[in-house]
2 protein chains.
Amino acid sequence: MDSQRMSQQHLLSKIATNDKHGENSPYFDGWKAYERNPFHPTENPQGVIQMGLAENQLCFDLVEEWILNNPEASICTPEGVHQFRNIANFQDYHGLQEFRNAIANWMSKVRGGRVRFDPDRILMSGGATGANEQIMFCLADPGDAFMIPTPFYPGFVRDLCWRTQVQLIPVHCHSSNNFKITREALEEAYKKAKEDNINVKGLIITNPSNPLGTTLDKDTLKSLVNFINEKNIHLVCDEIYAATVFSSSPSYVSVAEVIQEMEHCKRELVHVIYSLSKDMGFPGFRVGIVYSFNDEVVSCARKMSSFGLVSSQTQHMLASMLSDEKFVTRFLSENSRRLEERHEKFMKGLEEVNIARFPSSAGLFFWMNLKSLLEEPTFEAELKLWRVIIHEVKLNVSPGSSFNCSEPGWFRVCFANMDDETVDIALNRIRELVGKETKKPVGIKRWQLNLRLSFSSRMFDESAMSPHSPLASPLVQAT
Amino acid sequence: MDSQRMSQQHLLSKIATNDKHGENSPYFDGWKAYERNPFHPTENPQGVIQMGLAENQLCFDLVEEWILNNPEASICTPEGVHQFRNIANFQDYHGLQEFRNAIANWMSKVRGGRVRFDPDRILMSGGATGANEQIMFCLADPGDAFMIPTPFYPGFVRDLCWRTQVQLIPVHCHSSNNFKITREALEEAYKKAKEDNINVKGLIITNPSNPLGTTLDKDTLKSLVNFINEKNIHLVCDEIYAATVFSSSPSYVSVAEVIQEMEHCKRELVHVIYSLSKDMGFPGFRVGIVYSFNDEVVSCARKMSSFGLVSSQTQHMLASMLSDEKFVTRFLSENSRRLEERHEKFMKGLEEVNIARFPSSAGLFFWMNLKSLLEEPTFEAELKLWRVIIHEVKLNVSPGSSFNCSEPGWFRVCFANMDDETVDIALNRIRELVGKETKKPVGIKRWQLNLRLSFSSRMFDESAMSPHSPLASPLVQAT
């Protein structure tokens with residue numbers, strides 16, 4: 001067996017055999033648990049409710065209405081099929097000009113029209129996943145590092161590091177300070193990396209934040225831009241949740257807006273990652289965008305686009321949809337309004353049972369504080385509680401440890417990928433969890449017993465637990 | 001300027017600054033020359049005719065007819081829009097089950113039904129470009145090498161090598177031997193690589209061959225499988241032209257068929273690359289497939305699929321189209337018939353003016369022998385002639401040197417990306433080229449003078465010529 005594995009390792013690449021794709025984490029394990037037993041209101045009402053996937057399902061009716069009113073936008077209708085051969089046969093890695101124009105226009109609208117995006121700096125990639133990797137391939141060599149504030153999206157380990165062999169250096173942020181990205185934390189992580197002879201090539205931030213659901217204010221953004229300017233390193237801003245800001249929240253500020261006001265900043269160090277997977281709810285369409293202010297990166301990343309072009313069929317349809325100003329305006333305002341409404345519904349439910357959560361103003365998730373339910377303030381206890389939640393309470397929420405959070409007890413809960421009826425059931429289950437815990441102080445121990453009884457060890461070993469996850473992480477412990 | 005470039009090199013990655021994407025070649029320059037002055041029958045009848053891009057435009061009428069008869073296959077029609085939200089929101093990197101089933105079924109049909117493909121071994125990627133890179137990331141580490149018979153597709157340098165940093169070792173094949181891939185040539189290249197301390201991880205072949213348009217017979221395939229078996233290295237078979245075999249030619253043999261008959265072969269060393277870009281003429285849809293007989297590669301490449309998934313909109317439509325047995329049968333037979341007909345038309349035209357070409361039975365191109373028109377038997381003379389063809393005769397054909405051919409004087413000519421009227425004009429231009437040459441022996445010198453007069457030096461420098469192309473090539477000269 002061991003010699004077989006050895007021989008495979010010799011046969012395949014280090015990337016294929018090193019397990020550094022980062023998918024051995026409770027975040028991905030939760031998806032698997034859901035897939036094995038998915039909730040359905042009538043067919044499987046005892047199944048797991050998927051609250052671990054940040055999907056936006058709230059505005060599809062608007063899109064469907066638009067489609068029915070615009071049959072010429074499709075190459076698969078009598079009205080549009082005359083375009084079929086040109087579109088199917090199109091293979092320019094610049095992308096359709098009208099697609100780039102429409103995306104640039106949409107990105108500007110999402111940011112309140114206060115910043116203009118240049119269609120010639122719009123670079124295609126296969127989803128945000130591909131966009132993240134693409135920018136890393138452009139900016140960093142194997143072994144180089146990017147700093148990243150915690151908590152952060154678990155998929156980054158795969159997207160940014162797996163094939164590029166770039167390292168991530170966590171910049172630890174804490175709830176005591178509202179998870180603020182401070183200059184001190186940045187300097188500390190940077191200094192430590194230098195001491196360890198690690199070549200720091202940049203800082204990557206998510207704004208709005210996944211998993212916090214917070215947005216960065218102008219001053220913080222300026223201070224981050226100043227930091228990377230002084231160090232002469234890159235700033236990659238993942239803005240894939242830009243259109244999920246709640247309607248009553250202060251307007252969203254993009255890094256693109258901030259650098260307009262900063263005369264002496266080195267724009268060529270700034271890059272934006274974008275996608276339509278979250279803001280429009282189209283993850284299946286694989287629209288990933290790299291927007292770079294650096295001419296050389298634009299030229300290089302454009303060639304890399306050939307590895308992850310958006311299907312021309314999808315480009316064609318979206319070009320038409322996103323250049324419809326009236327539709328775009330309506331979609332953006334409805335999307336914000338419905339997300340806020342849904343968020344409020346959850347907040348009310350949580351308040352009733354005294355569950356705290358981090359105050360947020362954007363995103364498809366909230367950051368739930370279950371510290372009081374932990375047996376002890378450790379990540380082991382967090383995973384224990386998570387197993388109860390997923391296997392007994394049957395909610396797939398994601399533990400903070402999978403987001404590299406520095407403090408145990410936080411959980412990310414997605415709220416926009418279900419209908420109102422499912423929300424009520426999910427809220428009931430959360431109430432049940434807390435009820436059990438508050439009424440029976442030995443609850444967790446009891447649950448663990450139940451867990452041992454009710455789940456086969458095979459299932460337990462295979463994916464529900466990930467004991468090797470921390471070991472397999474490409475994270476450099478810089479602080 | 002130099003210090004600026006230095007600082008950029010420090011700022012960006014080696015991949016971004018090393019120019020090893022292989023796009024500085026006459027192959028890609030020809031595309032640019034076409035783009036600057038594209039032929040149009042009425043609007044630009046003096047423009048360059050694109051014969052450098054292997055596009056299949058001959059069967060779009062069949063596809064359009066199918067689409068109009070199957071409106072429920074689209075998520076953008078009243079009949080199909082109820083599926084929109086499920087499809088747009090789909091993001092499983094296994095792909096839609098019905099899509100994988102349909103692709104497996106199609107691949108089998110293309111190979112005459114003599115081999116069955118397992119849908120669970122179908123791995124998605126962004127076009128053949130992404131598929132080629134994906135398999136390299138799975139099989140080889142930076143610095144490792146794959147052997148590749150010449151002449152070969154110029155894009156391989158970008159696809160296989162640029163980001164993976166894998167090397168290519170040419171296995172030189174010669175017209176004197178009908179460009180056959182001999183055991184001797186393989187052994188020689190392999191031995192030389194070993195002497196140079198290069199770790200050879202595999203052999204990559206294209207079948208049908210691009211640019212030769214030939215198919216490999218069963219015996220040759222078996223001998224290649226035996227070779228890689230003995231050396232314990234991988235065999236990657238690029239079969240993206242499998243359905244372009246002419247109708248009157250012997251049936252196409254896939255490596256998948258051959259290994260069925262070879263009891264003791266190590267199947268886990270064999271991988272097939274596939275795509276719908278050439279066989280169906282859908283390069284815009286970015287359907288790339290890795291089909292591997294190696295379980296570990298299947299598992300690893302499936303995770304890598306997240307960088308280049310096919311748009312679910314496109315998956316959904318193609319799933320429906322390719323599971324229509326009647327349509328598939330008709331398409332395949334018409335495609336073969338029309339390609340052969342078009343090929344014949346060209347062959348007849350060339351025979352009239354005594355231009356030789358390599359005998360082929362598949363593909364969207366033929367391999368034209370213009371050795372007799374060379375001033376001298378060198379690659380410089382080949383490029384000189386190519387410049388005349390592209391700038392004066394105004395045909396974008398691709399010189400053999402860009403395909404790493406060992407002998408000067410060959411040109412690849414694509415024939416399936418135009419209508420019959422354009423074929424006639426192209427044939428007239430070829431006749432003109434030969435006419436000039438045969439009647440006026442000093443022709444080439446005169447053409448070069450003209451070239452100097454009629455093209456600005458800027459254009460000349462920027463892309464029409466690529467003096468740095470051989471220097472930038474990642475090819476290892478192993479023989």
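All chains are named by letter (A, B, ...) in the order of the sequence lines, taking the proteins before the strands, and each is independently numbered beginning at 1.
- Outside the 6.0 Å centre-distance limit, the rings of A:Phe90 and B:Phe282 are not counted as a close aromatic pair.
- Heavy-atom pairs under 4.5 Å with chain B were tallied for A:Ser299, A:Gly155, A:Ala16, A:Ala88; the largest tally goes to A:Ala88.
- Inter-residue side-chain proximity for B:Ile67 and A:Cys76 is flagged as met; some heavy-atom pair is nearer than 4.5 Å.
- Atom CD of B:Gln91 and atom OG1 of A:Thr129 lie 8.5 Å apart (nearest 0.5 Å).
- Here A:Asp141 is the residue among A:Asn199, A:Ile87, A:Thr164, A:Asp141 with the most heavy-atom pairs under 4.5 Å with chain B.
- At a 4.5 Å heavy-atom cutoff, the contact between B:Met317 and chain A is made by side-chain atoms alone.
- Neither the backbone nor the side chain of B:Phe28 comes within less than 4.5 Å of any heavy atom of chain A.
- Between the CZ atom in A:Arg85 and the CG atom in B:Leu58 there is a gap of 10.0 Å [rounded to 0.5 Å].
- For the pair A:Arg286 and B:Val310, the minimum side-chain heavy-atom distance is 4.5 Å or more.
- Here B:Ala140 is the residue among B:Ala140, B:Gly130, B:Pro71 with the most heavy-atom pairs under 4.5 Å with chain A.
- Between the OG atom in B:Ser13 and the CE atom in A:Met136 there is a gap of 10.5 Å [rounded to 0.5 Å].
- Minimum heavy-atom separation, B:Leu12 to A:Glu296: CD1-CB, 3.7 Å.
- Most heavy-atom pairs under 4.5 Å with chain B: of the set A:Glu79, A:Met280, A:Met304, A:Gln57, this distinction falls to A:Met304.
- Neither the backbone nor the side chain of B:Ile233 comes within less than 4.5 Å of any heavy atom of chain A.
- A:Leu53 touches chain B through its side chain: at least one heavy atom from C-beta onward sits under 4.5 Å away, while N, CA, C and O do not.
- Using a 4.5 Å cut-off between heavy atoms, A:Leu309 touches chain B through backbone and side chain atoms alike.
- With a 4.5 angstrom heavy-atom cutoff, B:Ile75 touches chain A via backbone and side-chain atoms both.
- Between A:Arg163 and B:Glu133 there is a salt bridge, since a side-chain N of the basic residue sits under 4.0 Å from a carboxylate O of the acidic one.
- If you measure heavy-atom distances from B:Val287 to chain A, you find no contacts under 4.5 Å at all.
- For a residue to count as touching a neighbouring chain, one of its non-hydrogen atoms must lie under 4.5 Å from one of that chain's; by this rule B:His316 does not touch chain A.
- For the options B:Gly126, B:Ser277, B:Gly202, heavy-atom pairs under 4.5 Å to chain A are most numerous at B:Gly126.
- The heavy-atom pair separating B:Leu269 from A:Leu11 by the smallest distance is CD2-CD2, 3.7 Å.
- In this structure, chain A has heavy atoms under 4.5 Å from both the backbone and the side chain of B:Asp61.
- Listed here is the closest heavy atom pair of A:Phe285 and B:Gln313: CE2-CB, 3.6 Å.
- Here the closest non-hydrogen pair linking A:Ser74 and B:Ser74 is OG-OG, 4.1 Å.
- Inter-residue side-chain proximity for B:Phe60 and A:Phe84 is flagged as met; some heavy-atom pair is nearer than 4.5 Å.
- Looking only at heavy-atom pairs under 4.5 Å with chain B, the residue among A:Gly127, A:Ser312, A:Gly288 that has the most is A:Ser312.
- A salt bridge is absent between A:Glu23 and B:Lys303: the closest approach of a Lys/Arg side-chain nitrogen to an acidic carboxylate oxygen does not fall below 4.0 angstrom.
- Heavy atoms only, all atoms of each residue included: A:Trp162 and B:Cys300 are closest at CH2-O, 3.7 Å.
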Hey, mind stepping through B:Thr314 and A:Ser311 against side chain to side chain donor-acceptor pair (under 3.5 Å) and telling me if it holds?
-> CA-CA 7 Å; B:Thr314 300; A:Ser311 166; 2.7 Å; yes
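- The contact between B:Asn232 and chain A is made by backbone and side chain atoms together, counting heavy-atom distances below 4.5 Å.
- Proximity of A:Pro283 to B:Asn89: side-chain heavy atoms (C-beta onward) are separated by under 4.5 Å at one or more points.
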